[in-house]
Amino acid sequence: MQGWWSITTLFQVEKVLRLVILIYSIRGTMSSLQDKFTKYLENESIFQNKDILSNTYHPDDILHREEQIDELASILAPCLKGNDPSNVFVYGTVGTGKTLVTKHVCDELLNVAETSPSSLDIIYINCKMKKVADTEYRLSAKLARELGAEVPATGLPTDAVYDRFFEAMEEKEGVVIIVLDEIDALVRKIGDDFLYNLTRINDNLESTKVSLVGISNDLNFVDYIDARVKSSLSEEEIIFPPYDGMELKKILKQRCEEGFNDDVIGSGVISKCAALAASEHGDARRAIDLLRVAGELAERDEKNKVTTEYVDQAQNKIEKDRVVEAVRNQPKHSQIILYTIINMDEGEVHTGDVYKEYQDQARKAGTDPLTQRRISDLIAELDMLGVINARVVSKGRYGRTRKISVDLDSHITKKLSNMLEDKFYL
DNA sequence: AGTCCACAGGAAGGGCAGGCGA
DNA sequence: TCGCCTGCCCTTCCTGTGGACT
């Protein structure tokens, strides 16, 4: 028999102590969490109705878009008498109210159509949504499903899916309006053949009439589609100009009145949000985001007033969240490349240098490196995402390459680097 | 003016997984 | 079960590019 202070006993004592500490720390954390939640419940929220500050909220009164609403309504009105309206192409930069106005007019149309003799169906598709309109198969399957047909996620020949879509369309016996939001993304992914077929669909249908509403952020989009599609799609065009600072202020004021409690918004907050958003192409979505996030940050600090300092913090937070989320959703090798670029620490680097370094990092992460061709595409994708800045340059007889740099704040790159380091044990 | 470099980027196709229909 | 079809990720092969160098 060993003495009281034998090694085994010491280990046992240590284990018991660790357990006691763990229990106490868990109990401590739980009680502090409970305190936090209780305090949160006790504090009065600065928000009256936070949903109003969300981008999915549809206000009854859409400010500064009366002209566009009226125009779109006039174009689509013939469908109430069973006639096919002209195709419409709606365009304007991000956050100018295109989708909001289109949905608003469509909702009103459906309301009135309930009492009209002819049948009306409206299909709304956001072509930028992943797994929805990134292939011909998926888009035609989505349209067919919206019309009530059953189409499997894969397995059928594309022609068969087209057939089901046409059959479902024919069965409607009325007017169908197809709204394709972010239509430029659709064309970039699958070309304009599908769009051509859609614009010609009325030639092949007997009892149903179809009208297309295309919505695009890209003002030059129509320049790179087939001329026949262009003339057909752009029978009518509605342009959404960016909001100016004053218009944004009115929109924000409207949302503040309904979204926040009285006297919560400090002086200069609305003006600052409006000014920041106006400098980014008059983006109302951005302005509302800034306001909401500023409110959330103030509430987190247990303050009952949103000040301009919180708007600055909100601006940083939105940018940081956007980048981190975008990177988190990237494939493994894109993340390793980004980690490589961030840590090369040379300001601007070239594709060849990045590739050499990436090969080492990929092996460290326990994976086989991809080919340079594939990496070239992944670098281009990161550039498209706005995470890095990559521009093609010629170095004369030393070749053509991309100059790559990270175009982000140092605290964001640090956060990304740590996140990727932990993930891949680099 | 011609050559050369180091890629960019298009096209074609392989391999795999998932799903359908006979 | 098997053949066929899809999407996705990737490789291989190839042509094109633009400016420094000769």
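Proteins come first, then strands; the chains are lettered A, B, ... in the order of their sequence lines, and each starts at number 1. Hydrogens, waters and symmetry mates play no part in the numbers below; they use all other heavy atoms, side chains included.
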Check: Can you give one letter per nucleotide of nucleotides 16-22 of chain C, going 5' to 3': B for a protein heavy atom under 4.0 Å from the base, S for sugar-phosphate only, - for none?
Finding: BBBBBSS
Does [X] come within less than 4.0 Å of [Y], counting only side-chain N to carboxylate O?
{"X": "A:Asp289", "Y": "A:Arg286", "answer": "no"}
{"X": "A:Arg164", "Y": "A:Glu167", "answer": "no"}
{"X": "A:Lys364", "Y": "A:Asp360", "answer": "no"}

Starting at [atom1] of [X] and ending at [atom2] of [N], how long is that distance when rounded to a whole Å?
{"X": "A:Lys403", "N": "B:dA6", "atom1": "NZ", "atom2": "P", "value": "16 Å"}
{"X": "A:Leu370", "N": "B:dG14", "atom1": "CG", "atom2": "P", "value": "20 Å"}
{"X": "A:Leu378", "N": "B:dG9", "atom1": "CG", "atom2": "C1'", "value": "14 Å"}
{"X": "A:Tyr358", "N": "B:dC7", "atom1": "OH", "atom2": "P", "value": "16 Å"}
{"X": "A:Asp377", "N": "C:dC8", "atom1": "CG", "atom2": "C1'", "value": "14 Å"}
{"X": "A:Ile375", "N": "C:dT12", "atom1": "CD1", "atom2": "P", "value": "13 Å"}
{"X": "A:Lys142", "N": "C:dT6", "atom1": "NZ", "atom2": "P", "value": "21 Å"}
{"X": "A:Arg391", "N": "B:dA8", "atom1": "CZ", "atom2": "C1'", "value": "16 Å"}

Note to self: For the backbone of A:Glu170 and the side chain of A:Ser207, can you confirm whether one donor and one acceptor N or O come within less than 3.5 Å of each other?
What the structure shows: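 Indeed, once roles are kept as given, a pair shorter than 3.5 Å links the two residues.
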Item checked: Side-chain donor or acceptor of A:Ser86 paired with backbone N/O of A:Glu236 under 3.5 Å ->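 No: the side chain of A:Ser86 does not pair with the backbone of A:Glu236.
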Note to self: Please tell me if A:Arg374 has a side-chain N or O lying less than 4.0 Å from either OP1 or OP2 of C:dC10.
What the structure shows: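 Yes, such a contact exists.
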Margin query: Tell me whether the side-chain N/O atoms of A:Ser376 come closer than 4.0 Å to OP1 or OP2 in B:dA8.
Written below: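 Result: yes.
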Check: Is the count of non-hydrogen atoms from other residues, nucleotides or ligands lying under 6.0 Å from A:His281 atom NE2 greater than 12?
Finding: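 No.
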Check: If each of A:Arg373 and A:Asp353 is mapped to the nucleotide of DNA chain B with the nearest heavy atom, which maps nearer the 5' terminus, i.e. the 5' end?
Finding: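 Its nearest nucleotide lies further toward 5', so the answer is A:Asp353.
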Next item on the list: Compute the ring centroids of A:Phe47 and A:Phe260, then answer whether they are less than 6.0 Å apart.
Entry: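 A:Phe47 vs A:Phe260: aromatic centres under 6.0 Å.
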Margin query: Closest approach to the side chain of A:Thr371, judged atom by atom: which nucleotide of B:dC7, B:dG9, C:dT11 is it?
Written below: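 Selected nucleotide (nearest to the side chain): C:dT11.
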Next item on the list: Could you work out which one of B:dC7, C:dC10, B:dA8 sits closest to the side chain of A:His333?
Entry: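 My answer, after comparing the listed nucleotides, is C:dC10.
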